[in-house]
Structures are given as C-alpha cells and as structure tokens.
Amino acid sequence: MEEKINHREIIKKIAENYSQLESSIVSQLRLSCDHHYVTIGSFREEIWQSLFEQIIPKKFSIERSVFIIDSNEKVSKEVDLVIFDEQYTPYIFNFGKIKYIPIEAVAVVVQCKSDHLGNQNITAWKESITKLRTSLHSIARMHGKVAHGEIIDTVKYTQTSTRPIYILCHLNESATDRNAVMQHFDIVICPENGRLKMTTQSDKLSNWYKKLNHAEEQYKDNVMEMEGSFSDITLDEYKVGCWDKTTNANEEESKVSDNKVVVGERTILSLIFQLNQLLMLINNPLLFPHQAYVKMFNRCLNEEEVESIPQSTII
C-alpha cells in the first residue's frame, strides 16, 4: 500500500531548513579573527554575498567592492555589494580589478558593517549614491515601435528615474544610534539572540513603486499611478512565521495585520519574499542610455565642460 505523503510536513521542513541556514550564517558572522580586521571583514562580506546569491533571481549579478557611476561624471563611494541587472545592462567598466557599474543597472546596494555604525560616514556614503542620476537618452526596438527614453509632457510612464534599494547588514546588536542609521536604509539585517533580525521600512507597495521607479521629483507629473486594492499592501504582509496565540504582543513580535502577529519569524523566508517583491516592482531597469555615456567619455577625453545638469530632488 502506497504511503500517504504529508505535504504540509514537507512545507514545514522547508521552513525549518531556512531556520537552520539562518543559525549557520549567524555562527559564521560571529567568527572573530584578532589583528586581522581586513581579512575578517572580507570574509563577512562573502557570507552576506552568499546569502543574497541564494535568494535573488539569476538575471541579477552580484559584485563586491565596486563604484557606481552616472553619465554626468559622478562616481559613488565604494559599495560593499551591488546587485545589478546584467541582462538588460551588460556593462561593467573595468579599471584593473576595480569595477564601475552604471547607475541605470543597479537594483540594490548593500553596506556591510561590523560593530561600528558611524552615522556620519553612512550619511556621506548614502549621499554619494543619491547624487547619481539616471539618464533617459536611450533608443531601443520594442514591440510595435522604436522607443526612445525622452519624456513627453502629456504621457504617463511606469518608470522615469530609478534608484536602488538600500540594505544595511551589520553585527552591532546594541547600536545606540541605530535609529539614526536606519533612516538611510530600506532594509536592515543583523544577528540578534542567535538568529537574524530584519527591519524593513513598512510602506505601501504603491509608495515603493513610486520611490523605486520615479525617484526624481522633476517627473512627478508623468507618473502613472499604481491602482487597485493591491496598491495598499505593505511589506509587513510578506513576513513568514507563526501566528501569536496570545492577546498581548511583545517587542519580539512583528505585527502584520490588525489581528495577526508573527512570532518566531523565519527571517530568510521573509527576506526572500519582501526583497523579490520590491525587485519585481522595478522589474526591468531603464533602457541603457548608450549615447549619454558616449558623450561622457568624449567630454572627458577632449577636456570639454560638462553640460549644466538641472538639480532635482530624490523622492
């Protein structure tokens, strides 16, 4: 007689496997190496990179220790991990072993920190990225037409100017300035009590859509609104864990709706669903503006002045 398969138990075992992976990651992150801070820092970056490689689609690539550039001759500070779309924007400009990735391709930037969360340094790092501007000077054949990236005043668009998702991975469980630091990031991940703890900016998907695809204020009149009941969904509703069976929620619990509270969150599973939902809101990056980068290289090679770039506010 064929044995009856308990499908629900299989799902539970999958979740438990991610809990074990979580514990393993925390153990590796806690490995210390006195007097070899550079080595251990690089080792921890590899651990974080390995985690992201396991949870994001293969269309994305991950590079360590890179700089992000735009076609206006701006260069960011060094970024520990960059997740970018190499399928639609297959450009990495190399200078020896140093990599420069165009801002149009970048979907996620990750800052990896150990115990020191200096708000001033992180602010400067964040500003070096937010000053970068995507370009719309692109030309590509699309279904039924040849598309160009220039904005037409009377037309609404689903994407006008993108910005990356900001993630902080750190080890400081007792950071006194954590709140000040967190305001610079969309997702913060750190070990706590032997598990990974994740804090996510809980906003409606409609607001995430605007922040990620319409980052510059100058295009606010060209934004195609995200409509429908799903637009009010928040990332809290993508958390995975057990429901609280009591009436009083404590600070270890994560509220996901008016009447459900998650305890014992499976953080990696939550990260998989939350991060990939945000990536799907971006879906594909802006069409790559080849001519804008051609002009940038020619300006620099011929010592020409950069064109005046209008200042705009990043949402």
Please report the C-alpha distance between T234 and L205 in whole Å, then the side-chain angles of each, then the deciding distance to 0.1 Å, and finally whether the side chain to side chain contact (heavy atoms under 4.5 Å, CB included) criterion is met. CA-CA 6 Å; T234 71; L205 291 189; over 6 Å; no
Do W48 and L29 have side-chain heavy atoms sitting under 4.5 Å apart? yes
If you count every heavy atom of other residues, nucleotides or ligands that lies below 6.0 Å from F95 atom CZ, does the total exceed 12? no
Linked hydrophobic residues, L301 as query - side chain contacts closer than 4.5 Å: none
Would you please name every residue forming a ring-ring contact (aromatic ring centres under 6.0 Å, His included) with F67, sequence neighbours left out? Y100
Residues forming a ring-ring contact (aromatic ring centres under 6.0 Å, His included) with Y209, sequence neighbours excluded: H214
Taking all atoms of both residues into account, what is the closest heavy-atom pair of C112 and D80, and its distance? N-OD2, 2.7 Å
Heavy atoms of D232 and E237 approach each other most closely as O-OE2, 4.4 Å
For residues Y293 and E104, is any side-chain donor paired with an opposing acceptor at under 3.5 Å? yes
So, using salt bridge (Lys or Arg N to Asp or Glu O under 4.0 Å) as the criterion, who are the partners of K156 when residues are at least two apart? none
For T200 and Q274, which heavy atoms make the closest approach, and how far apart are they? OG1-OE1, 3.0 Å
Side chains of Q28 and S24: is there a donor and an acceptor less than 3.5 Å apart? yes
Counterpart residues, side chain to side chain donor-acceptor pair (under 3.5 Å), relative to Y219 (two or more places apart): none
Just jot down the salt bridge (Lys or Arg N to Asp or Glu O under 4.0 Å) partners of E63, sequence neighbours excluded, or say none. K99
Where do K211 and D203 come nearest, in terms of heavy atoms and distance? NZ-OD2, 3.4 Å
Pairing residues for Y91 by the ring-ring contact (aromatic ring centres under 6.0 Å, His included) criterion, not counting sequence neighbours: F288, H290
Among residues at least two apart in sequence or on other chains, which ones pass salt bridge (Lys or Arg N to Asp or Glu O under 4.0 Å) with E16? none
Applying ring-ring contact (aromatic ring centres under 6.0 Å, His included) to F273 and not counting sequence neighbours gives none
So CG of L275 and CE of M198: to nearest 0.5 Å the spacing works out to 9.0 Å
To the nearest 0.5 Å, what is the distance between CD1 on I83 and CD1 on I62? 4.5 Å
List the residues meeting salt bridge (Lys or Arg N to Asp or Glu O under 4.0 Å) with E86, not counting sequence neighbours, and say none if there are none. none
Heavy atoms only: give me the nearest Q201-F185 pair and the separation to one decimal. NE2-O, 3.2 Å
Give a yes or no on whether a salt bridge exists between D85 and K59, defined as a side-chain N under 4.0 angstrom from a carboxylate O. yes
Look up atom OG in S161 and atom CG in L286, then write down how far apart they are to the nearest 0.5 Å. 7.5 Å
Are a donor atom and an acceptor atom from the side chains of Q49 and E45 found within less than 3.5 Å of each other? no
Calculate, to the nearest 0.5 Å, the distance between atoms CD1 and CH2 belonging to I282 and W208 respectively. 10.0 Å
Evaluate salt bridge (Lys or Arg N to Asp or Glu O under 4.0 Å) for D70 paired with R133, printing each intermediate quantity in order. CA-CA 6 Å; D70 70 7; R133 296 288 183 268; over 6 Å; no
Can you tell me how far apart OG (S71) and NZ (K295) are? Round to the nearest 0.5 Å. 9.5 Å
Quick one about T160 and N222 (side-chain donor to acceptor, distance below 3.5 Å, no hydrogens or angles considered), yes or no? no
Check E225 with K210, please: is the shortest side-chain N to carboxylate O separation under 4.0 Å? yes
Strictly below 4.0 Å, N to O, side chains only: are R163 and D186 in salt-bridge contact? yes
Is I139 isolated, or which residues cluster with it under the ILVMFWY side-chain rule of less than 4.5 Å, directly or via members? V146
To the nearest 0.5 Å, how far apart are CD1 in I167 and CD in Q111? 12.0 Å
On a heavy-atom basis, the closest approach of E265 and K239 is OE2-CG, 3.6 Å
Verify the neighbour count for atom CD of Q291: are there more than 12 heavy atoms of other residues, nucleotides or ligands below 6.0 Å? no
Return all side-chain donor-acceptor pairs below 3.5 angstrom for residues 122-129, not counting sequence neighbours, or 'none' if the list is empty.
from : atom 1 : to   : atom 2 : distance (Å)
T123 : OG1    : N119 : O      : 2.7
T123 : OG1    : H184 : NE2    : 3.0
W125 : NE1    : E78  : O      : 3.1
K126 : NZ     : H184 : O      : 2.9
S128 : OG     : K77  : N      : 3.0
S128 : OG     : W125 : O      : 2.7

